[in-house]
Amino acid sequence: MSATTLPPDYSARLVPALQRIQHEFGYLKREGLEQAALELKVPLHRLQAVASFFPHFRLSPPKKIVLNICRDMACHLAGASVAMEDLQSLVGENVEIKGVSCVGRCDRAPAACVAIAGEEHDHYYLGRSAGQLREIVEAHLGGEAPPPDLDADRSYGAVDFVINPYGKNVPNYAAVLKAISIRDTSLDAAAQILGSKPGWSPVRIEQFRRAALGRLSADACPDAEIGHAVTSWGSDRDWAQGPTLGGWSETVLQELKEADLRGMGGAGIPSIQKLRDVRDAIRRARRRQTDSRGFIVVNGDESEPGTFKDREMLLHLPHLIVEGVIIAGLITEATQGFIYIRHEYAEQIAACRAEIRRAEQLGLCGRNASALGRSFPVSVFVSPGGYICGEQSALIEAMSDRRGEPRNLPPKLETNGLEDLPTIVSNVETYAWIPYICLKGGKAYAELGLNGWQGRRLFSVSGDVKRPGVYEVPMGMTVRELLHGENYCQGIIGDRKLKAFAPSGPSGGFLPAKLTARTGLPRDHTNNKAWIELAKRRGFDPAATELDILDLELELNLFRALSPTQALGAGIVVYAEDRDMVDQAVNAMEFYRNESCGKCVPCRLGSQKMASLGAHLLNGTIEADRWKNELLPLMRDMGKAIELASICGLGRSVPVPLRAVVNYFESDITRHLSNPSAPAPPQTN
């Protein structure tokens, strides 16, 4: 890299080229691939390797009409598999019926979409019966396509969510402007020092300001002295050290720390950890005079079944995500931002691109961001599909024009991400809370919680509830209030009893309506501090041996302390009393089998074996004695091997659904054994 200029902005080449070819021809026509290979100066096999990995790309001409029906969790509950069987009579020369993985419309299950040859985006038809879908396909064949269902048609009042500090007013990016003011105040303080001690002239001070904001390397500055000053201020060292000078970003980070803002993708890592790691990595590169670029990436590849909260924020609150990205770029001195969105979210892609253009007009991002004082382009990267790309290193691989396979870590992305440079990858909601915290303060965010817990977050709720949807709730609110509260889900369909719920899509398994000392509660739970405090707040006997799951409070740390799966994600799927949990577990394992990238053997083979075992159990072909003495021990051993040896979280999630059913839904297992009078399998925690 030249010492005088920064490298050009990063832009993927292969994936966008493949998307253009498919849009032009309806599939990846060989002539288009060959032409793209020549223009991009890459071997044809590289394009083919990438194209063959992602499910969005079609390698052969599609039929005139392709009806895709989601087959996962909420859609499975709503009869998607039965609908696909009923519609098989439509299959012919012009029609194909396919089952696909979650398309992010779990609140209107079953979700189906019609792909029409030659059209860029699919037409979604949601909550329709098999008969209605038949009529829709026939209408498309006749050239009279009925209007599709839009996400914009179903607003959850997102502008009224607390997360949006602007309410119904036009967002003016006040949080970014506040962060810019803090930064500029530190530059003023630096200018005063340079004007008094070295006695710099106003001209030299202005040169310092321009060089500092432009992130110029020392060799690119007007002279060595200015270059040294820029390096000192930009890396919080020497005379410029401290929160009022080069360490100005700590002022913003402290607010995020006081808020205890954590990653909303499921891991719950403190957000300031990633921000500091990337900032410090960029500073080290600047001191060493190496490539000091860095990247901010929003993970909007929302593909976990049961999860659709990001869909609503990307559509209705794109200004918060764009503002969060710009603030993260300011704090870390990153040079570029990306919003990675799954291709099924066409409305969301358009909304984010429009908001980026508005932010550019305000001078807050782009190549010439006048209000920002430096270049900081932000763009949307459209995902070519695949659940695995929700894993952050696989997402970076996809953005790097490679197959979306997870990396072996370390090194971590915060030091070696996109282009092998410092990169933050965080969830949509994590970025969206940053403007609120910057404007209102970390303490104000923390105080939004209940029962001693801090903050708020959004949940997607689907399945057997009367009013599925996206709900913003205070941390510490009970599961009961979310599922039965008048302002939330309003109870279970048909006023049936709760049998189970998935607290984090399929990856969190299934929790029964009651946890007992025998099944689910941690060992010696009555001496568990979290249990004792919960009992005091909820008013039950701390010596109790049973917990109504509805009394559990929605907070990740509490779930980690008391829930057997220790998971609380963004997607909650509810199951009523008459549901067969073996059927649900097999459906979840089939999802993992279908979505495994195949990179590592434990996941590739293990997911297939686990799904096959579950299918045999579901079909009633396993005798009770064989299950107890042979297959149950095999399942446990295989599950441990998959968890220990898989590269990423997908593989580690494979055994979770069936294990949960074995542990907490004994009667469902017994009902499927061919000799149900045999002794039931022992329970394990």
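Residues: numbered from 1 along the sequence shown.
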- For the pair Phe559 and Gln566, evaluate side-chain contact (heavy atoms from CB on, under 4.5 Å) and give the outcome as yes or no after the intermediate values. CA-CA 5 Å; Phe559 267 69; Gln566 299 184 338; over 6 Å; no
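- Using modelled atom types and a 3.5 Å distance limit, the side chains of Tyr445 and Gln454 yield no donor-acceptor pair.
- With Thr430 contributing its side chain and Met264 its backbone, the two residues share a donor-acceptor pair below 3.5 Å.
- A 4.5 Å side-chain heavy-atom check between Asp238 and His228 finds at least one atom pair inside the cut-off.
- With contacts defined as side-chain heavy-atom distances shorter than 4.5 Å, the pair Arg284/Thr415 qualifies.
- For Asp9 and Arg293, the salt-bridge test fails: no basic side-chain N is under 4.0 Å from an acidic carboxylate O.
- Here the side chain of Arg342 pairs a donor or acceptor atom with the backbone of Glu302 at under 3.5 angstrom.
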- How far apart are the C-alpha atoms of Leu568 and Leu554, what are their side-chain angles, what is the distance that settles it, and do they pass the side-chain contact (heavy atoms from CB on, under 4.5 Å) test? CA-CA 8 Å; Leu568 179 63; Leu554 292 162; 4.1 Å; yes
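- Taking the six-membered ring where tryptophan is involved, the planes of Trp239 and Phe208 are tilted, since the angle between them lies from 30° to 60°.
- No salt bridge links Arg183 with Asp188; every basic N to acidic carboxylate O contact stays at or beyond 4.0 Å.
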- Query: When you look at Arg46 and Asp401, which way does the salt bridge (charged side-chain N to carboxylate O under 4.0 Å, His left out) test go after all the steps?
  - Reply: CA-CA 9 Å; Arg46 275 214 59 204; Asp401 285 330; 5.7 Å; no
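- In this structure, a donor-acceptor pair under 3.5 Å is absent between the side chains of Asn299 and Gln392.
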- Walk me through it: do Lys309 and Glu429 pass the test salt bridge (charged side-chain N to carboxylate O under 4.0 Å, His left out)? CA-CA 8 Å; Lys309 68 178 179 67; Glu429 188 181 352; 3.1 Å; yes
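- For the pair Ser504 (side chain) and Ser507 (backbone), a donor-acceptor distance under 3.5 Å is absent.
- Inspection of the Glu304 and Tyr387 side chains reveals an N or O donor paired with an N or O acceptor under 3.5 Å.
- For Thr423 (side chain) and Leu421 (main-chain N/O), a donor-acceptor pair under 3.5 Å exists by modelled atom type.
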- Please test Tyr471 against Tyr488 for ring-ring contact (aromatic ring centres under 6.0 Å, His included), starting from the C-alpha separation and ending with a verdict. CA-CA 7 Å; Tyr471 299 102; Tyr488 300 100; 5.7 Å; yes
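- In this model, no donor atom of one side chain and acceptor atom of the other lie less than 3.5 Å apart for Tyr436 and Glu323.
- Between Tyr340 and Phe381, the ring center distance clears the sub-6.0 Å criterion.
- Evaluated for a ring-ring contact (aromatic ring centres under 6.0 Å, His included) with His343, the options His121, His23, His56 yield exactly one hit, His56.
- Phe459 carries Arg457 over the face of its six-membered ring, with the cationic atom under 6.0 Å from the centre and within 45° of the normal.
- Between the side chains of Arg279 and Ser249, at least one donor N or O sits under 3.5 Å from an acceptor N or O.
- Under a 3.5 Å cut-off, the side chain of Gln19 and the backbone N or O of Val382 do form a donor-acceptor pair.
- Looking at Lys443 and Glu258, no side-chain N of the basic residue comes within less than 4.0 Å of a carboxylate O on the acidic one, giving no salt bridge.
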- Given salt bridge (charged side-chain N to carboxylate O under 4.0 Å, His left out), test Arg358 with Glu355 step by step and report yes or no. CA-CA 5 Å; Arg358 192 173 79 87; Glu355 186 59 34; 3.0 Å; yes
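- Inspection of the Glu391 and Ser393 side chains reveals an N or O donor paired with an N or O acceptor under 3.5 Å.
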- Starting from the C-alpha separation in whole Å, work towards a yes-or-no answer on salt bridge (charged side-chain N to carboxylate O under 4.0 Å, His left out) for Arg537 and Glu553. CA-CA 10 Å; Arg537 290 193 299 271; Glu553 295 163 352; 2.7 Å; yes
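- To the nearest 0.5 Å, atoms CD (Glu312) and OH (Tyr345) are separated by 8.5 Å.
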- Message: side-chain contact (heavy atoms from CB on, under 4.5 Å), that's the test. Do Arg456 and Ile163 meet it? Break it down for me.
- Response: CA-CA 8 Å; Arg456 291 174 76 90; Ile163 195 173; over 6 Å; no
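- Under the side-chain contact (heavy atoms from CB on, under 4.5 Å) rule, Phe376 has a single partner from Val325, Leu364, Leu330, which is Val325.
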- From CA spacing to verdict: side-chain contact (heavy atoms from CB on, under 4.5 Å), Ser400, Leu418: CA-CA 7 Å; Ser400 303; Leu418 188 63; 3.5 Å; yes
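- Checking Asn164 against His316 by side-chain atom types alone, no donor-acceptor pair falls below 3.5 Å.
- For Glu414 and Arg276, the salt-bridge test fails: no basic side-chain N is under 4.0 Å from an acidic carboxylate O.
- For the pair Phe54/Cys389, a side-chain contact is recorded, criterion being any heavy-atom separation below 4.5 Å from C-beta on.
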